[in-house]
Amino acid sequence: FLSHQISNAKNNCYDEETLAESNNGDIDPKVIEVYKNYQSILRQANAFDFDDLLFVLVRVLDDNNQITEYYQETFKYLMIDEYQDTNRCQYLLTKLLCNPKLNNICVVGDDWQSIYSWRGADFGNILNFESDFSNCKIIKLETNYRSSQQILDVADNIISANSQRTDKKLISAKGYGDRVEQITVSNDSLEASFIVNKINELHFT
């Protein structure tokens, strides 16, 4: 729990002092205490943890315009995949590395497929892309080559209840397909058994 909270703080670009100052009661004081002690140990060891690799880089670029401009001029293009799964730290790094004179950035992503909010991903990053980077061009890839139209329609009915999403209409290249069935099982072991048995049934029938 504590390691997750500290990791989440760094992914949102909060150091131990900023986290303490921003706490309005929804963060356990023990988390802040451990975070401070943890960072002290890291500094004494002259070490970074995994989250620091981006967190510290963002702070360096944000505090040093000369370094930021150097890398903005160095990279001809900035390309990012799975943009819907970027967290705040990755978003800020993107903004810092993108050359504001060129808007030399291309991202690929789908807010409908954002599933990593539990580890800090913010699908708002892709929803706000057009406002963050002016004069961008949006290319929608709406042909699906993996699933039947039945599956796509079920997925569309579910995601349509989300008020924060982009608009698109997926068309299957595989045709209408078989009707979707809903199966309910009581635990994960039965779910796995059902899937294995279904694969065997389809494979050997």
Side-chain angles (χ1 to χ4, degrees), residues 1-14 26-28 30-31 34-35 38 48-55 78-94 105-129 138-205:
F1 171 78
L2 290 172
S3 62
H4 175 75
Q5 293 295 312
I6 293 171
S7 177
N8 189 56
K10 292 186 177 186
N11 286 334
N12 282 285
C13 285
Y14 287 117
D26 53 350
I27 301 174
D28 191 328
K30 290 182 180 178
V31 174
V34 172
Y35 191 6
Y38 175 59
F48 287 165
D49 65 15
F50 183 78
D51 294 309
D52 285 330
L53 298 179
L54 290 184
F55 178 36
L78 187 62
M79 306 185 74
I80 303 171
D81 194 17
E82 304 292 0
Y83 193 67
Q84 79 279 354
D85 292 329
T86 53
N87 57 39
R88 176 165 176 75
C89 191
Q90 293 166 329
Y91 166 77
L92 292 174
L93 180 60
T94 300
I105 183 171
C106 173
V107 307
V108 178
D110 182 2
D111 59 294
W112 288 22
Q113 297 187 51
S114 181
I115 59 173
Y116 291 113
S117 60
W118 56 273
R119 68 180 188 190
D122 182 2
F123 69 91
N125 293 342
I126 196 169
L127 294 180
N128 296 328
F129 184 81
I138 306 297
I139 301 173
K140 294 184 179 182
L141 305 178
E142 297 178 301
T143 301
N144 185 292
Y145 298 92
R146 179 183 298 171
S147 302
S148 68
Q149 193 63 48
Q150 278 271 19
I151 295 174
L152 297 181
D153 288 345
V154 169
D156 182 68
N157 286 334
I158 294 173
I159 198 68
S160 63
N162 191 344
S163 60
Q164 293 181 302
R165 60 178 174 81
T166 54
D167 291 320
K168 54 180 170 282
K169 180 62 178 176
L170 298 179
I171 305 298
S172 173
K174 299 185 71 173
Y176 198 64
D178 295 332
R179 188 170 176 173
V180 174
E181 296 181 40
Q182 178 179 339
I183 305 297
T184 302
V185 293
S186 57
N187 58 57
D188 54 349
S189 296
L190 289 176
E191 179 183 9
S193 296
F194 172 82
I195 293 172
V196 170
N197 291 334
K198 193 66 176 178
I199 290 173
N200 286 330
E201 176 189 326
L202 294 172
H203 181 71
F204 293 110
T205 300

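Starting from 1, each residue takes its place in the sequence as its number.
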Requested in this report: With side chain to side chain contact (heavy atoms under 4.5 Å, CB included) as the test, would you mind laying out the steps for Asn87 and Asn12 before giving the verdict?
Outcome: CA-CA 7 Å; Asn87 57 39; Asn12 282 285; over 6 Å; no
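- Rounded to the nearest 0.5 angstrom, Tyr91 OH and Leu93 CG are separated by 12.0 Å.
- Residue Asp51 holds its CG atom at 9.0 Å from CG of Asn8, rounded to the nearest 0.5 Å.
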Query - Lys10 and Asp49: CA distance, side-chain angles, deciding distance, side chain to side chain contact (heavy atoms under 4.5 Å, CB included) verdict - result: CA-CA 10 Å; Lys10 292 186 177 186; Asp49 65 15; 2.8 Å; yes
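- Between Ser114 and Asp85 there is a side-chain heavy-atom pair separated by less than 4.5 Å.
- Rounding to the nearest 0.5 Å places OH of Tyr35 at 9.5 Å from OG of Ser7.
- Here the side chains of Leu170 and Asp156 are not in contact, with every heavy-atom distance at 4.5 Å or above.
- How far NZ of Lys140 is from CG of Asp110: 10.5 Å, rounded to the nearest 0.5 Å.
- Atom CD of residue Gln150 and atom CD of residue Glu181 lie 10.5 Å apart, to the nearest 0.5 angstrom.
- Closest approach of Ala121 to Gln84, counting heavy atoms only: CB-O, 4.3 Å.
- The closest donor-acceptor contact from the side chain of Asp52 to the backbone of Phe55 lies at 3.5 Å or more, if one exists at all.
- One distance of note links OH of Tyr145 with CD1 of Ile171; it measures 11.5 Å at 0.5 Å rounding.
- More than 12 heavy atoms of other residues, nucleotides or ligands lie within 6.0 Å of OH in Tyr38, so this atom counts as buried by the packing criterion.
- Side-chain contact between Asn162 and Trp112: absent, with no pair of heavy atoms (C-beta onward) separated by less than 4.5 Å.
- The environment of CG in Asp81 is crowded: more than 12 heavy-atom neighbours from other residues, nucleotides or ligands sit within 6.0 Å.
- Between Gly177 and Ser148, the shortest heavy-atom contact is CA-CB, 3.7 Å.
- With sequence neighbours excluded, no residue forms a side chain to side chain donor-acceptor pair (under 3.5 Å) with Tyr83.
- Under the side chain to side chain donor-acceptor pair (under 3.5 Å) criterion, Gln5 pairs with no residue, sequence neighbours left out.
- The side-chain heavy atoms of Thr86 and Thr94, taken from C-beta on, include no pair separated by under 4.5 Å.
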Query - Steps toward side chain to side chain contact (heavy atoms under 4.5 Å, CB included) verdict (Arg88, Asp122) - result: CA-CA 7 Å; Arg88 176 165 176 75; Asp122 182 2; over 6 Å; no
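- Shown here is Tyr14, whose OH atom has no more than 12 heavy atoms of other residues, nucleotides or ligands within 6.0 Å.
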Requested in this report: Would you please test Ser160 and Arg165 for side chain to side chain contact (heavy atoms under 4.5 Å, CB included) and show each step?
Outcome: CA-CA 8 Å; Ser160 63; Arg165 60 178 174 81; 4.1 Å; yes
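- In this structure Asp111 satisfies the salt bridge (charged side-chain N to carboxylate O under 4.0 Å, His left out) test together with Lys168, sequence neighbours excluded.
- For Gln164, the CD atom is loosely surrounded, since the number of other residues' heavy atoms within 6.0 Å does not exceed 12.
- For the residue pair Gly109 and Ile126, the shortest heavy atom distance occurs at C-CD1, 3.4 Å.
- With hydrogens and angles ignored, the 3.5 Å screen pairs a side-chain donor or acceptor of Gln149 with a backbone N or O of Ser172.
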